[in-house]
Amino acid sequence: MFHTIIEPFRIKSVEALRFTTREERVRALEQAGFNLFLLRAEDVIIDLLTDSGTGAMSAAQWGALMQGDESYAGSRSFYRFQAVVQDLTGFRHIIPTHQGRAAERILFHSVLKAGEIVPNNNHFDTTRANVEAEGAEARDLVVAEGRVPALVHPFKGNIDLAALERTLQADGGRVPLVMVTVTNNSGGGQPVSMENLRSVRALCDKYRKPFILDACRFAENAWFIKQREPEFADWTPKRIAQAMFRLADGCTMSAKKDGLANIGGFLALNDDEWAERARTLLILTEGFPTYGGLAGYDLEAVARGLEEVVEEPYLRYRIRSTEYLAEKLVASGVPIIQPAGGHAIYIDARALLPHVPPLAYPGIALANALYVEGGVRAVEIGTVMFGLSPDGTESPAAMDLVRLAIPRRVYTQSHIDYVAEVVIKVASERDRLRGLRIVSTPRVLRHFTARFEELG
Ligand code: F0G
């Protein structure tokens with residue numbers, strides 16, 4: 001009937017934006033060492049740095065906060081959280097953690113040994129860092145289509161099954177588990193098909209390996225499956241998500257994404273012995289197993305968020321609003337990863353700035369220009385994030401991308417129109433963008449704190 005897909009909520013509480021001038025932003029960026037992570041958030045107008053923990057909670061979630069039971073052990077809020085997560089995932093052991101990387105660190109530190117290999121479609125930065133921190137190898141095996149930004153394909157997040165089988169055949173003794181990330185954040189927020197997940201399950205059965213999902217954006221992935229895999233067209237997103245989880249043996253989860261909460265996460269496992277080891281480590285670093293580093297009220301917010309995130313009107317609006325930004329950029333000739341990802345748009349900075357070589361960081365150059373021009377903060381997903389090997393050598397990442405991540409239920413269509421205007425203006429003046437060099441950097445996860453200097 002009507003074509004406009006409206007935000008499926010109205011706004012009960014607002015937070016003022018602080019406007020800055022171009023001169024103020026130039027100064028702020030210089031003080032931040034040309035690293036957008038080092039800005040004060042107050043100096044940003046539209047913050048698309050991440051969709052993680054930046055969403056707006058619903059009135060029902062805020063109400064649930066008051067129901068939080070802060071008991072150290074056996075909290076009522078834990079049992080509510082556990083019931084929701086178990087209904088969704090079907091996993092036996094539900095271990096709350098303060099966010100996704102805590103689940104990763106606890107899983108890998110309990111089951112991974114130096115010299116082992118973790119295959120994945122693409123590891124996200126913290127996942128890779130947690131694998132490498134154990135002296136193991138994080139091996140990215142996304143399908144070839146997933147590495148060609150302009151190529152349109154329905155499931156560019158799929159893992160390359162032949163490459164996975166080759167790894168399992170050749171190095172199976174060194175593979176303690178197989179991971180798949182839904183949606184594939186480092187590869188453009190692209191979905192993984194149910195067919196691909198089923199085949200991973202079959203390979204894991206054949207080679208007797210546990211299959212662990214990195215489930216941060218499971219609901220967005222479920223929506224793409226509903227749209228793009230005919231078998232699931234009539235399924236509810238929740239039923240699709242349930243089927244995805246039931247193909248795996250466990251998951252790591254950041255509830256800061258599809259948990260619709262500002263903090264929280266969990267590790268879920270079927271294996272009793274792995275769960276026992278994980279809980280022991282949890283007590284050491286996160287807290288008792290019925291709160292895992294969270295307040296009782298956080299567990300309530302996550303439980304409610306996991307119910308809201310699979311609602312159809314929400315997911316229809318969510319995926320459409322990302323696609324809307326993509327359409328505007330594509331219409332103006334801005335090179336982006338196609339099709340649009342679930343939570344973000346990824347600009348192909350290497351294609352947009354051919355005069356800036358990968359080791360002069362085109363992603364940083366572009367992201368910084370978006371900030372200076374319009375106060376829009378994005379993030380580089382490229383050579384600064386992934387170009388440094390554990391042995392200290394540097395090489396170009398597979399792609400140099402700039403991600404515009406859309407926080408959930410936070411910005412309206414006119415905010416997105418403004419973002420598109422800023423990106424299109426910067427793209428039209430691409431020739432004057434310059435590369436950068438690093439002047440100081442830590443040895444791991446350098447993108448968070450490195451400082452830069454613009455090249456002359
Ligand atoms: N896995 C994926 C695929 C992620 O995208 C993230 C976080 C994590 C794990 C870690 O979760 O932040 O709760 O510890 N991604 C955020 C981002 C930070 O901006 O994409 P966390």
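These numbers were taken from a predicted model, which means no experiment stands behind them. In listed order, ligands and their atoms are each counted from 1.
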Within the 6.0 Å centroid threshold, strictly below: Phe9 and Tyr317: yes

Lys/Arg-Asp/Glu bridge criterion (N-O < 4.0 Å) met for Arg198, Glu195: no

Min N/O separation Thr183 to ligand 1 under 3.5 Å: no

Sidechain N-carboxylate O distance under 4.0 Å for Glu394, Arg446: yes

Side chain, backbone, both or neither: the part of Arg403 lying under 4.0 Å from ligand 1 by heavy atom: side chain

Numbered atoms and elements of ligand 1 in range of Thr50, under 4.0 angstrom, heavy atoms: 16 (C), 17 (C), 19 (O)

Heteroatom distance test (Thr181, ligand 1): nitrogen or oxygen, under 3.5 angstrom: no

Top protein contact for atom 12 (O) of ligand 1, by heavy-atom distance: Arg101 NH2, 2.9 Å

For atom 5 (O) of ligand 1, the protein heavy atom that lies nearest, with its residue and separation: Asn185 ND2, 2.8 Å

Min heavy-atom dist Cys216 to ligand 1 below 4.0 Å: yes

Shortest heavy-atom approach to atom 11 (O) of ligand 1 - which of Glu104, Lys257, Arg217: Lys257

Nearest-neighbour protein heavy atom for atom 13 (O) of ligand 1, which is reported as residue plus atom name and distance: Ser254 OG, 2.6 Å

Tyr72-Phe288 aromatic ring centre distance below 6.0 Å: yes

Protein contact of atom 21 (P) of ligand 1 - nearest heavy atom, named by residue and atom, plus distance: Gln99 NE2, 3.3 Å

Short side-chain donor-acceptor distance under 3.5 Å, Glu7 and Thr412: no

Basic-acidic side-chain contact under 4.0 Å: Glu137, Arg139: yes

Salt bridge Arg408-Asp258, side-chain N to carboxylate O under 4.0 Å: yes

Close N or O approach (Gly100, ligand 1; < 3.5 Å): yes

Asp140 with Arg128: basic N within carboxylate O range, under 4.0 Å: yes

Nearest non-hydrogen protein atom, atom 4 (C) of ligand 1: Phe124 CD2, 3.5 Å

From Asn121, Thr126, Asp214, Asp51 - option closest to atom 2 (C) of ligand 1 by heavy atom: Asp214

Carboxylate-amine/guanidinium proximity below 4.0 Å for Arg409 and Glu308: yes

Under 4.0 Å to a heavy atom of Lys256 - the qualifying atoms of ligand 1, by number: 13 (O)

